[in-house]
Every structure is written in structure tokens, then in C-alpha cells.
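Because the structure is a prediction, the values reported are computed rather than measured. Note on naming: letters A, B, ... go to the chains in the order of the sequence lines (proteins, then strands), and numbering restarts at 1 for each one.
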There are 2 protein chains.
Amino acid sequence: MKVSREQVAENRQKILDAASRLFRAEGFDAVTVVDVMKAAGLTHGGFYGYFKSKDDLIAQTLTYLTAQGARADTDLARYAASYLSPAHRDDVAGGCPIAALGAETVRQTPEARAALAEGLRNRIEGFAASAPLTEAAIVRRAAIGSYAAMVGAVILARLAQDPTLADEVLEQTHAWILEGTKR
Amino acid sequence: MKVSREQVAENRQKILDAASRLFRAEGFDAVTVVDVMKAAGLTHGGFYGYFKSKDDLIAQTLTYLTAQGARADTDLARYAASYLSPAHRDDVAGGCPIAALGAETVRQTPEARAALAEGLRNRIEGFAASAPLTEAAIVRRAAIGSYAAMVGAVILARLAQDPTLADEVLEQTHAWILEGTKR
DNA sequence: TGTACATCAGTGAACGCGCGTTCACTGATGTAC
DNA sequence: TGTACATCAGTGAACGCGCGTTCACTGATGTAC
């Protein structure tokens with residue numbers, strides 16, 4: 001049955017929210033259109049009223065996640081502290097989309113890649129812009145180096161099955177970044 | 001038809017080599033058993049004479065890749081130079097399995113995870129062991145922080161569609177690591 | 001404001017397809033004599 | 001060393017299943033009068 005215009009907007013939101021969590025938790029291929037619609041409280045047939053295809057959903061979900069991420073803290077030290085926390089490591093479904101999906105997004109459509117790539121660019125520029133006044137080249141180097149270390153560390157910490165090693169990767173990378181940005 | 005024992009060993013090698021490249025290039029889900037066997041020059045029916053299942057192939061391929069990786073250079077500076085090269089960034093199929101598959105391996109079987117996790121542990125210990133004589137804690141921090149930055153940088157560089165940004169991520173991370181390990 | 005009807009969001013059965021896996025068969029290998 | 005035969009690696013058709021996608025239908029919405 002037809003639903004109101006507000007309901008349509010709300011349902012679109014619900015589909016994107018469900019897809020955001022499911023894709024990060026299980027990857028693009030393992031999540032089906034049926035899974036996403038069920039998680040959004042709808043049946044699968046209605047999906048194509050909202051999105052052209054599953055690939056379209058992937059691209060729009062990454063755009064949605066990037067837009068959300070653009071509102072994050074741009075202070076590098078504070079960002080690193082929360083990024084390199086055990087809470088973030090353990091929350092794949094709600095965590096950084098680049099750490100969860102960056103590697104496999106390289107094989108998705110150009111639209112999907114473009115969405116995440118914009119998130120990457122925003123993050124680096126945000127860090128560089130909010131840094132204390134130093135030489136621009138040094139600030140940019142710290143922004144890129146630190147961000148690469150954060151993304152890598154979360155991936156490594158999630159991979160390590162030994163909890164001691166997983167914690168150590170986060171802590172040591174955090175300390176390493178703090179030392180590096182004080183140079 | 002039956003083939004010789006040497007041929008069997010050679011075919012197993014070919015299957016693992018084909019799987020190693022295909023999985024890194026396209027991900028676990030996108031590569032089919034038919035793809036792997038075709039790339040190895042065989043038909044798909046014979047697959048189950050070599051492996052119990054596709055999951056078994058995934059786990060054994062990661063073990064195979066980790067064993068190969070164990071023979072790599074343990075000098076951090078030399079390793080970083082080649083890891084952070086455009087050649088490595090552009091060679092997903094032949095490159096570091098952790099950068100290509102680390103994030104999605106978290107969702108695979110415990111056997112698959114264990115194989116890559118061992119590669120991670122070996123790498124960190126190799127870097128730490130081959131470092132010049134300094135305080136052990138500092139060496140370990142540099143090993144972990146640098147490795148996290150390398151893995152993250154290659155993933156970010158592959159994601160960035162803008163070639164200038166992709167090159168910059170590699171170069172800046174490389175410089176950042178060199179500065180950090182000279183402390 | 002109230003009524004009549006066109007619109008269209010959501011439903012669920014159905015589709016074609018490609019996947020992982022199985023299996024009867026083939027014929028070269030390698031062993032027993 | 002040569003021969004006879006059991007073994008078994010590889011083949012390709014076939015399977016059941018779940019995927020992305022389509023579509024006829026339903027009934028609440030929202031517009032026209």
C-alpha cells in the first residue's frame with residue numbers, strides 16, 4: 001500500500017542506515033538486498049523504488065557515510081584517541097568505513113570509489129587545517145602519516161586474534177603518532 | 001585421467017598460485033572455484049581432490065602467502081621503501097595480502113584469520129629483531145607504528161582516484177616513517 | 001469541508017543465473033607378478 | 001624387463017540453492033471538484 005511522503009523519506013533513511021551497518025560488518029558481497037530491506041523493516045520488492053540497483057545502494061551508502069564523517073572532530077590528537085580505542089576496534093558495524101571497507105571499495109564501481117575517496121581527502125584536509133600554526137608541508141605530512149597509521153592500526157588490531165597484540169597495536173600506534181606530531 | 005605424483009604436486013602449487021593472485025585482486029567472494037581452477041589450467045571438478053571446500057582453499061592460500069612473506073626482508077627502512085612504492089600500490093594481485101585482504105579476512109573462518117594474524121606477528125617481530133640496538137620498547141613501538149602506517153598508506157593510496165594524492169600518501173607516509181625511526 | 005478517484009509505495013511470488021558441490025565416468029599411472 | 005590390472009587425478013554434466021531483479025497486485029494517500 002502507498003505510504004505518506006514523510007514515511008518515504010524515513011524509509012529511505014532506514015534503508016541507508018541498515019546498509020551502512022551491514023556493509024561495514026559483513027562486506028558488500030555478503031550482504032544481500034533482502035538482508036538490508038529486512039533490517040530496515042521492509043520487504044525486498046520495494047527496494048527498486050529507492051535504488052536503481054545494489055551497486056547504486058553501495059555508492060549511495062558510501063556517500064551517506066562520508067557525509068556523516070565530514071561532521072567529525074578535526075583535531076588530530078582527539079580524533080586519534082577515539083579512533084585508536086578498543087571501542088572503535090570492536091565496533092566494525094559503526095566504525096570508520098575506510099578501515100572496514102576501504103580495501104574492497106577499490107574493486108567497486110567508480111561512483112563507490114569516488115565517495116570514499118572524498119572522505120579520505122576531507123579527513124586529511126581537516127586535520128591539516130586545524131593543526132597549530134607550523135610550516136604547511138610539515139602539518140600535511142603529519143596529517144597523512146598519522147591517518148595512514150590509524151587506518152592501518154585498526155585493521156591490524158581487528159585481524160590479530162590475540163587480544164594482547166590487538167591492544168598493543170592500538171596503544172603503540174597511538175603513542176607513535178603522538179610522538180610524531182610533537183616533532 | 002590419472003596424472004603422475006609430481007604433476008599432482010605441481011597442480012596443487014598452480015591452484016594456490018592462481019588463488020593467491022585472484023583473491024588479492026578481486027576479494028574472496030568475487031573469485032569462484034571455477035575461476036581459480038581455470039586460471040590453474042584445470043577444470044572445476046577436480047578441485048575437491050585438493051581442497052575440502054572453498055573456505056579450506058581460502059585458509060590454505062593465506063597460509064601459503066604468509067609462508068612466502070616470512071622470507072621477506074626484515075630491515076624496516078628497506079621494507080618500507082619497497083612497500084610504499086607506486087609499484088607495490090599498483091600491484092594488488094602480487095602485493096601484501098594484509099593490505100589487500102586484511103579487512104575482509106576478519107569475517108572469514110578462524111583458520112583463515114589465524115593464517116594472516118601469524119603473518120602480522122612475524123612481520124612485527126622481524127622488524128623489531130633486526131633493528132639497531134636500542135631500548136626494546138622503543139624498537140617495538142617503531143616496528144608497530146611504522147607497519148600500521150605502511151598498511152594504511154597502501155590502502156589509502158589505492159583508494160584515492162587522484163594520482164597526485166595517491167603518490168603523496170605514499171611519499172609523505174614514507175618520509176613520516178623515516179623521521180619517526182630516527183628518533 | 002466532504003467525496004470520488006487517480007496515484008503510487010509496498011508486497012510477495014516468480015524469473016534467470018551463477019554459485020559451491022557432487023558424481024559417474026575416463027584413461028594414464030604405477031604396482032604386482 | 002614386460003605385461004595385466006587396480007588405482008585414482010581429472011573431466012564435465014548435473015544438483016540444489018540463494019542471489020539480484022521484475023512484475024501484477026493491493027490499498028492508503030493525496031488531489032480535483
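For K54(A), a side-chain nitrogen or oxygen approaches OP1 or OP2 of dG20(D) to under 4.0 Å. Within the structure, every side-chain polar atom (N or O) of Y48(A) is placed at least 4.0 Å from both OP1 and OP2 of dG10(C).
With R24(B) contributing its side chain and G95(B) its backbone, the two residues share a donor-acceptor pair below 3.5 Å.
Atom CE in M1(B) sits roughly 13 Å away from atom C1' in dC8(D) (whole-Å rounding). Between F28(B) atom CZ and dG20(C) atom C1' there is a gap of 17 Å when expressed in whole angstrom units. The CZ-P distance, from R5(B) to dC8(D), rounds to 10 Å in whole Å. Rounded to whole Å, the distance from NZ on K2(A) to P on dT31(D) is 8 Å. At whole-Å resolution of the value, NE2 in H44(A) and C1' in dG20(D) are 9 Å apart. Computed from coordinates, the D29(A) CG to dG18(C) P distance equals 16 Å when rounded to whole Å. Nucleotide dG10(C) holds its P atom 13 Å from the CD atom of E6(A), rounded to whole Å. With rounding to whole Å, E10(B) atom CD is found 11 Å from dG10(D) atom P.
Heavy atoms of Y50(A) sit under 4.0 angstrom from primed sugar atoms or phosphate atoms, though from no base atom. Residue contacts for V31(B): at a heavy-atom cut-off of 4.0 Å it reaches the sugar-phosphate backbone alone, with no base atom in range. Within the nucleic acid shown, G45(A) comes within 4.0 Å of at least one base atom, counting heavy atoms only.
Residue whose closest nucleotide on DNA chain C sits further toward the 5' end, between G46(B) and S4(B): G46(B). Nearest-nucleotide positions on DNA chain D place N11(B) closer to the 5' end than the other of N11(B) and T32(A).
In the set dG10(D), dT21(D), dT11(C), the nucleotide with an atom closest to the side chain of V3(B) is dG10(D).
Judged by Watson-Crick or G-U wobble contacts below 3.5 Å, the nucleotide dG2(C) has dC33(D) as its partner. A 3.5 Å limit on both hydrogen-bonding distances identifies dG16(C) as the Watson-Crick or G-U partner of dC19(D). As the counterpart of dT26(D), dA9(C) is assigned, both hydrogen-bonding distances of the Watson-Crick or G-U wobble pattern falling under 3.5 Å.
Results of the side-chain contact (heavy atoms from CB on, under 4.5 Å) test with R21(B) over V36(B), V92(B), D91(B), T61(B) single out D91(B) as the only residue that passes.
No more than 12 heavy-atom neighbours from other residues, nucleotides or ligands sit within 6.0 angstrom of CD on E118(A).
Closest approach of A39(B) and A18(B) over heavy atoms only: CB-CB, 3.7 Å.
Side-chain atoms of L62(B) and R113(B), non-hydrogen and from C-beta on, never get closer than 4.5 Å to each other.
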